[in-house]
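As a basis for the values below, the full set of heavy atoms in this structure was taken, side chains included, without hydrogen atoms, waters or symmetry mates.
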Amino acid sequence: MAELQRPTKRQHPARSLSRRAIRALTLAAALVSSLHAGVVLAARSCDDWHATFTSVEGSVEVQRQSAGGWIPVTRGDVLCTDDTVRVLRSARALVELPDGSALRLAENTSFRLPEPKSGIGTLIDLIRGAIHVISRDPRSLSFQTPFMNAGLEGTEFDIRVADDETTVVV
């Protein structure tokens with residue numbers, strides 16, 4: 001009696017090649033994407049982009065991305081991308097952005113300056129507190145908060161973050 005043999009399951013050579021090609025293309029795309037992100041971040045060094053404290057009253061501190069602790073701020077100090085600022089009780093500060101926009105920081109305010117996805121303009125991540133903004137260029141400034149995001153359309157407004165809400169007054 002002849003023994004029945006089960007045929008082995010082999011993939012078609014073209015199918016195997018296409019899977020390898022897809023993996024290689026996916027890896028290449030991820031590599032190019034990460035290199036592009038590094039180029040954008042490298043282009044925004046503190047020498048290229050920074051904000052300046054033009055006025056400081058009371059205790060205002062900055063936490064640099066490269067350092068772990070909080071450093072007291074004085075007039076003339078700079079803010080770089082990814083720095084975090086906190087304005088303590090009974091304090092206030094005025095920050096001038098590279099485009100000439102002015103940010104008046106109220107007491108008990110904390111924010112971070114993350115790198116914008118486009119690498120252009122200023123993104124302010126307002127964690128809590130209040131900022132009064134005066135700006136001349138509506139294209140270059142945007143805000144994110146725990147409750148909403150806002151793009152600048154007017155030339156002067158307040159943005160406030162409380163424990164449970166964000167308000168914007170133009």
Problem set entry | ring pair (Phe, Tyr, Trp, His ring centres under 6.0 Å) involving F53 - partner list, sequence neighbours excluded | none

For this session: Work out which heavy atom in A51 is nearest to a heavy atom in V95; give both atom names and the distance.
Result: CB-CG1, 3.7 Å

Exercise. Quick check: does any side chain N or O of E107 sit under 3.5 Å from a backbone N or O of S90, one acting as donor and the other as acceptor?
Worked result: yes

Problem set entry | Nearest non-hydrogen partners of V161 and P146, listed with the distance | CG1-CD, 3.9 Å

Exercise. Roughly how far apart are M148 CE and T167 OG1, rounded to 0.5 Å?
Worked result: 8.5 Å

Exercise. Are L123 and E115 side-chain neighbours, meaning at least one heavy-atom pair lies under 4.5 Å?
Worked result: no

Problem set entry | Under the salt bridge (Lys or Arg N to Asp or Glu O under 4.0 Å) test, residues paired with D77 that sit two or more places apart | none

For this session: Measure the spacing between CZ of F143 and CD1 of I131 and express it to the nearest 0.5 Å.
Result: 5.5 Å

For this session: Hey, could you give me the OG/CG distance between S110 and L88, rounded to the nearest 0.5 Å?
Result: 8.0 Å

Problem set entry | Approximate separation, where rounding is to 0.5 Å, of I124 CD1 and L103 CG | 4.5 Å

Problem set entry | Counterpart residues, side-chain hydrogen bond (donor to acceptor under 3.5 Å, both in side chains), relative to T166 (two or more places apart) | T145

For this session: Would you indicate whether the side-chain heavy atoms of R128 and N108 approach each other to under 4.5 Å?
Result: yes

Exercise. What distance do D163 atom CG and F147 atom CZ have between them, rounded to the nearest 0.5 Å?
Worked result: 7.5 Å

Problem set entry | T109 side chain to A130 backbone, donor-acceptor under 3.5 Å | yes

Seminar exercise, completed: Sorted by chain and number, sequence neighbours left out, salt bridge (Lys or Arg N to Asp or Glu O under 4.0 Å) with E57 holds for R92

For this session: Could you point out which residue of R64, Q63, H50 forms a side-chain hydrogen bond (donor to acceptor under 3.5 Å, both in side chains) with D83?
Result: R64

Exercise. Should V56 and T74 count as side-chain neighbours, where that means a heavy-atom distance under 4.5 Å?
Worked result: no

For this session: Please lay out, stage by stage, how D99 and S101 fare under the test side chain to side chain donor-acceptor pair (under 3.5 Å).
Result: CA-CA 6 Å; D99 68 357; S101 297; 2.8 Å; yes

For this session: Might you point out which heavy atoms bring F111 and L126 nearest each other, and give the distance in Å?
Result: CB-CA, 4.0 Å

Problem set entry | By side chain to side chain contact (heavy atoms under 4.5 Å, CB included) - contacts of L94 (at least two apart) | T54, S55, A102, R104

Exercise. Got V62 and R86 here, is their nearest side-chain heavy-atom distance under 4.5 Å?
Worked result: no

Exercise. What's the shortest heavy-atom distance between W49 and C80, and which atoms?
Worked result: CZ3-C, 4.1 Å

Exercise. Does some side-chain heavy atom of R89 sit less than 4.5 Å from a side-chain heavy atom of S59?
Worked result: no

Exercise. Of all residues at least two apart in sequence or in a different chain, which pass the salt bridge (Lys or Arg N to Asp or Glu O under 4.0 Å) check with E96?
Worked result: none

Exercise. Is any NZ, NE, NH1 or NH2 atom of the basic residue among R112 and D82 found under 4.0 Å from an Asp or Glu carboxylate oxygen of the other?
Worked result: yes

Exercise. Which atoms form the tightest heavy-atom contact between G76 and T52, and what is the distance?
Worked result: O-CG2, 4.0 Å

Problem set entry | Any C46 side-chain heavy atom under 4.5 Å of V78 side chain | yes

